[in-house]
There are 2 protein chains.
Amino acid sequence: MTTMLEVAKRAGVSKATVSRVLSGNGYVSQETKDRVFQAIEESGYRPNLLARNLATKRTQTLGLVVTNTLYHGVYFSELLFHAARMTEEKGRQLILADGKHSADEEREAIQYLLDMRCDAIIIYPRFLSVDEMDEIIEKQEQPIMVLNRRLRKNSSQCVWSDHKASCQDAVSQLIEMGHRDIAFITGSLDSPTGIERLSGYRAALAQHQIPLRDELLVEGKWTPESGAAGVTTLLARKAQFTALVASNDDMAIGALKQLHDSGIATPGEVSVVGFDDVAIAPYIVPSLSSVRIPVTEMIKETISRLIFMLDGGEFSYQQAFPGELILRDSVIANVRA
Amino acid sequence: MTTMLEVAKRAGVSKATVSRVLSGNGYVSQETKDRVFQAIEESGYRPNLLARNLATKRTQTLGLVVTNTLYHGVYFSELLFHAARMTEEKGRQLILADGKHSADEEREAIQYLLDMRCDAIIIYPRFLSVDEMDEIIEKQEQPIMVLNRRLRKNSSQCVWSDHKASCQDAVSQLIEMGHRDIAFITGSLDSPTGIERLSGYRAALAQHQIPLRDELLVEGKWTPESGAAGVTTLLARKAQFTALVASNDDMAIGALKQLHDSGIATPGEVSVVGFDDVAIAPYIVPSLSSVRIPVTEMIKETISRLIFMLDGGEFSYQQAFPGELILRDSVIANVRA
DNA sequence: TTGTATGCGTTATCAG
DNA sequence: CTGATAACGCATACAA
């Protein structure tokens, strides 16, 4: 690899001058500029970003930690797409680190990004607790934002959606449409999101004085497979229900498939609702109703805050993003009937 | 940030010694080791990977370039999942760079990874031609592998699947099942994969002496939306067909939705086949037949080769991965009827 | 077993 | 406008 020194020699100037023409800092005459550019051209010189970043103490990169258990789902590609897009828009590069499948590995991934000297870090936690995250944030001097968790202490360094409230709201809407027997497939119950959605379901029933029936409750694991298995379990229990709420779209898709295979029509006999409103969901037949989580907006806010913090800014206010139930055929048709 | 020097001082040794205990290279007594570790603990020292990588001239990272137009699809998350998994397995980190949506930007992304001194690079090209890639590979000293393209010169530095052959094969199978009127939704025709699949369709028809009917051919753009639009176009043309082949699963999913909305049953009136066999596809109702592309194996081979090349190895043989038609309800039910 | 000195490829601070 | 030269934080060959 040809270095800056070789370019300098070839152009008959010093390293410093080459550095100047490349960075645009400091004055340098047009003719030497030309000589330097020519030397660069001839030698095929490329800057070594490791060296540059070491010297400037800035890398122009944002790090993102996500558990690979999320990689399987559709939600992930959308999350990543928007994160990459926003990052580039701010003139930075996104670096992804795999949080794998444990709190320790999540911690390691964060540490890796810090060791790589990312300017700032975004964490989409799956296993770390909010207290652990608070601790990490306080120990580190780099700006850190947490997605999808409400932190206790550094409450302005996170952006979240109130999963309990939006689930409660969605289930309430179903109830107000006349549904009384609403089955529920949870997410993994070691995940805060999973727990919050479940408690939203419980709260909605309580709010309308509908007793919770255990036979209508089944535990899933976020995957389409577990959604399908949930339906199998419900049917084996001979549970009667007119609506089914799955804690995310992937499970809802799996559940729809299983309902269909079991000869149960949707829409018609069972209304199905999911969460996240992944872009491909509306193309599932029959159309899936879903609680839309505004990922785009959340990512945007997250990255804006990080950039602002990098410029020395501070935030004093918190921000939550409400989920919104999008009704599609699977529910609407049922209501009409 | 506390540096190695401070740790050294605190432990009463030199930087070199600290470096030794950290890297495990060279002898160092147990007691000084202990002192160093304690100093590290106390000071919360963390190595600066920029400095380390600059000094060692190795970063232990593999770079991956993918266009963000792929981010939207399901295929992408699976690709990335396996890439990240394999990379970690080899004790490296994966760095993702966005190829955005043009050849220039794809080139920039590659350049960025090179400037970051990734040890090796994987390119999943979308806009760059094979000749351009060959040129890049020859100019660079880092090992580079190309996914999903058959290179002309550096033919052992790529791993591909013969899209034409597998499409021809899939369509032939439909023909042998008795189908004569087979509609086809292409991918973007500025993409080699799209072109290859189309020519496979053509070849299959020719092989069975079935004339190509233009009304059965419609151009898509890889997205579910374009798949749905394709069906709309076909129906508007009042084209008659018993089978529909979409050039990827996302479009097939969109097409299925549109067929359903138009009151056309699948399976039954129309058999639908997609490509890629993304994991979520079987959960679509009705089950979607698909030509499975062995991404996992392809990624695995790609990364194995890169690691081998990093160790100075050389490959002399090429490797193609065959696609395989997986028949599911949407086709099978039709055949039974 | 440990310390010294030099290099990795840049940037940045001074003089000139 | 340009050139030395000192960081940046770490690894490593060479001495001791």
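Keep in mind that the numbers below use all heavy atoms, side chains included, and drop hydrogens, waters and symmetry copies. Each chain gets a letter, A, B and so on, in the order its sequence line appears, and its residues count up from 1.
The 12-atom threshold is not exceeded at CZ of B:Arg85, counting heavy atoms of other residues, nucleotides or ligands nearer than 6.0 Å. Open room surrounds CD on B:Glu135; 12 or fewer heavy atoms of other groups in view lie less than 6.0 Å from it.
An end-to-end axis angle of 40° holds for the helix from C:dT1-D:dA16 to C:dG16-D:dC1, taken from five base pairs per end and rounded to 10°.
Aromatic ring orientation, A:Phe76 versus A:Tyr71: parallel (interplanar angle below 30°, classes split at 30° and 60°).
Remark: B:Phe308 pairs with B:Phe315 by the ring pair (Phe, Tyr, Trp, His ring centres under 6.0 Å) rule, at least two apart or across chains.
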* Summarise protein proximity over nucleotides 5-16 of chain D in one line of letters, 5' to 3': B for base, S for sugar-phosphate only, - for none, counting protein heavy atoms closer than 4.0 Å. => ---BBBBBB---

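Relative to the six-membered ring of A:Phe321, A:Arg150 misses at least one condition, a distance below 6.0 Å or an angle of at most 45° to the axis.
At distances below 3.5 Å, at least one donor-acceptor pair connects side-chain atoms of B:Glu132 with backbone N or O atoms of B:Ser129.
When the options B:Thr67, B:Asp190, B:Asn148 are evaluated for a side-chain hydrogen bond (donor to acceptor under 3.5 Å, both in side chains) with B:Arg126, the one that passes is B:Asp190. Among the candidates A:Leu62, A:Val159, A:Ile303, A:Ile299, the single residue satisfying the side chain to side chain contact (heavy atoms under 4.5 Å, CB included) test with A:Met145 is A:Val159.
Taking side-chain N and O atoms only, B:Thr32 has a distance below 4.0 Å to OP1 or OP2 of C:dT2.
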